[in-house]
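Take a look at the structure below.
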Number of protein chains: 2
Amino acid sequence: MREPHRDASPSSKPAPKAVVGRLSLYLRQLETFARQGRETVSSSQLGQALGLNDAQVRKDLAYFGQFGQPGLGYPIEDLTVAIRRILGVDRDWPTALIGLGNLGQALLGYKGFRLRRFRIVALFDNDPRKLGKSFDGLTIRHTDELPEAVSSQGLRLAMLCVPAEAAQRVADHVVSSGIRGILNFAPTSLFVPPDVSIVAVDLSVQLEQLAYSVHNLLGDSSPADDISAAG
Amino acid sequence: MREPHRDASPSSKPAPKAVVGRLSLYLRQLETFARQGRETVSSSQLGQALGLNDAQVRKDLAYFGQFGQPGLGYPIEDLTVAIRRILGVDRDWPTALIGLGNLGQALLGYKGFRLRRFRIVALFDNDPRKLGKSFDGLTIRHTDELPEAVSSQGLRLAMLCVPAEAAQRVADHVVSSGIRGILNFAPTSLFVPPDVSIVAVDLSVQLEQLAYSVHNLLGDSSPADDISAAG
DNA sequence: TAGATTGTTAATCGATTAACAATC
DNA sequence: TAGATTGTTAATCGATTAACAATC
């Protein structure tokens, strides 16, 4: 048996957003290592698997506590449990899906979310042709019914897949219904109060970044021959 | 008539990745302004619409040339054209979609890509049950046929929607087939040669970031009452 | 013990913001 | 002209990497 780690938040500094993003990557990689039957991992091994510097791995983890043992590395099982708790993915997240166009319907079927305990338990759309239809055992309701659903179903997050023109209006309604986190798939910037979190998934922006680098960086000159990693 | 801007790349410094990402946001906002009939915009107006600092807007644009006029701001039409050219979205990008599970099928139907001239013109999947099936007038082929398709169809980008376990293997094949840009939807880190660009779209990581901030940042303490923006 | 590896401080690097002369 | 706004330099802020004593 190992000693429990000392403290889940030893320093008072809040973790930067970039650190939290990497925490998700660490979790996923640790799960992969665990499936391979490994029991410990060093910061350099974990970093290598993700294309990150070993010092960065140690520093990131140190934001949240002391999880490793000098000379031995990090216990995979314990660290996995700790990161799940830090991220808040050690419980279910009842989630509303708003907007059932192409993308919305796909997200509904996407297994990656279920795996991570994000449960889509309510569907909303204001298109009269869609109201009342069912997907996956869930009936599409009008967003007027959001506040009721938030309290009766304990909704905490919403995935927003509505057209750009409607996004801010719907977001305002989502927020006033009591939801505190929005994953925004609409291609537009949203403004929300500071006690609401928002994460933008901007597919066109990401494709444009790809186009830029293929177009500008690689067409003519080519850099050194190392290897680059990306999630 | 206005003077043309002086140079599309006046400084020798390469643009940081973050700047390129914001360039996409500027482009989208400029298109919105243009639809509203506006002809010029100042850095502070553009920044405000996106939740960015005005100095940052000016500095970002200055990486690529002199587009504005002191006292007047930026001409929307000209700047739009310039940014499209810089990003490389002033032309079609023939794109392969690899992996036609839930997510892949949804991306095929997603109109946002077409709007931006990313054309999905070839489908690949190695599941025997899917081979030969058609979507949207395109027949699903085995990835063995990728090299041929790259040369005959001029494919330049690939969207990778295969399971995590297969992703690296398929990516290697995609790269050896001559594709130079990958949009990776598989929840795993990929390693590619330095002359290949890769952008990760990691939905679970993004949802976990959302869970973290809802869980940790907002539950207890709440910060000041300004407003935050996100794409 | 000797070798490995952590947690953390210091050094480096890069990105954002403020300030302002130049210019429309 | 006076007011507005750019492009750019300097100041600030934050994030990454290197280095190393402490520790298993």
Side-chain angles (χ1 to χ4, degrees), chain A residues 1-23 25-26 38-76 78-79 82 226 228-229, chain B residues 1-23 25-26 38-76 78-79 82 226 228-229:
Chain A
M1 267 215 277
R2 294 182 205 92
E3 299 261 294
H5 64 82
R6 292 172 218 168
D7 193 353
S9 51
S11 73
S12 45
K13 307 161 210 159
K17 229 188 86 164
V19 172
V20 177
R22 286 193 296 269
L23 216 51
L25 299 180
Y26 299 148
R38 299 186 50 171
E39 300 204 334
T40 62
V41 68
S42 69
S43 57
S44 59
Q45 289 166 339
L46 188 50
Q48 190 154 67
L50 297 166
L52 301 172
N53 183 288
D54 61 313
Q56 181 162 66
V57 173
R58 291 196 298 278
K59 199 156 206 274
D60 285 350
L61 295 175
Y63 269 101
F64 304 99
Q66 294 191 197
F67 304 103
Q69 292 202 286
L72 303 176
Y74 299 87
I76 289 175
D78 293 1
L79 184 54
D226 62 326
S228 56
Chain B
M1 266 215 277
R2 294 185 206 90
E3 299 261 294
H5 64 81
R6 292 174 217 167
D7 193 354
S9 52
S11 72
S12 46
K13 306 160 209 158
K17 229 189 85 162
V19 172
V20 177
R22 286 193 297 269
L23 215 51
L25 299 179
Y26 299 149
R38 299 186 50 171
E39 300 204 332
T40 62
V41 67
S42 71
S43 57
S44 60
Q45 290 166 339
L46 187 50
Q48 191 154 65
L50 297 166
L52 302 172
N53 182 288
D54 63 312
Q56 182 163 64
V57 173
R58 292 197 297 279
K59 198 155 207 272
D60 284 351
L61 295 176
Y63 269 101
F64 304 99
Q66 294 192 197
F67 304 102
Q69 291 201 285
L72 303 176
Y74 299 87
I76 289 176
D78 292 2
L79 184 54
D226 60 325
S228 55

Nucleotide [N], atom [atom2] - distance to [atom1] of [X] in whole Å:
| X | N | atom1 | atom2 | result |
| --- | --- | --- | --- | --- |
| D54(A) | dT16(D) | CG | P | 14 Å |
| D60(B) | dT8(D) | CG | C1' | 14 Å |
| Y63(B) | dT6(D) | OH | P | 18 Å |
| K59(B) | dA11(D) | NZ | P | 14 Å |
| K17(A) | dT16(D) | NZ | P | 13 Å |
| Q48(B) | dT17(C) | CD | P | 15 Å |
| Q66(A) | dC24(D) | CD | P | 10 Å |
| R22(A) | dT17(D) | CZ | C1' | 12 Å |

Mind checking whether L23(A) and Y63(A) have side chains closer than 4.5 Å, heavy atoms only? no
Taking C-beta and beyond as the side chain, do Y26(A) and L61(A) meet within less than 4.5 Å on heavy atoms? yes
What are the two closest non-hydrogen atoms of [X] and [Y], and how far apart are they?
| X | Y | result |
| --- | --- | --- |
| S43(A) | D54(A) | CB-O, 3.7 Å |
| R38(A) | T40(A) | NH2-O, 3.3 Å |
| R22(B) | D60(B) | NE-OD2, 2.6 Å |
| F64(B) | A15(B) | CZ-CB, 3.5 Å |

I would like to know whether F67(A) and D78(A) meet side-chain contact (heavy atoms from CB on, under 4.5 Å); could you show each step before the answer? CA-CA 8 Å; F67(A) 304 103; D78(A) 293 1; over 6 Å; no
If you count heavy atoms of other groups shown closer than 6.0 angstrom to CD of Q48(B), is the number above 12?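 Counting other residues, nucleotides and ligands, CD of Q48(B) stays at 12 neighbours or fewer.
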Does atom CD (Q56(A)) have a neighbourhood of more than 12 heavy atoms from anything else shown, all under 6.0 Å?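 Yes - once you tally the heavy atoms of other residues, nucleotides and ligands closer than 6.0 Å, there are more than 12.
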Considering heavy-atom distances to DNA chain D, does P16(A) or L61(B) have its closest nucleotide positioned more toward the 5' end?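 By nearest-heavy-atom nucleotide position, the 5'-most residue is L61(B).
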Which helical stems does DNA chain D take part in, if a stem means at least 3 consecutive Watson-Crick or G-U pairs with both distances below 3.5 Å?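 Counting only runs of 3 or more consecutive pairs, the stems involving DNA chain D are C:3-24 with D:3-24.
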Sub-3.5 Å pairs of nitrogen or oxygen atoms, protein against nucleotides 1-5 of chain D:
| from | atom 1 | to | atom 2 | distance (Å) |
| --- | --- | --- | --- | --- |
| dT5(D) | O4' | G71(B) | N | 3.0 |
| dT5(D) | O2 | G71(B) | N | 3.3 |

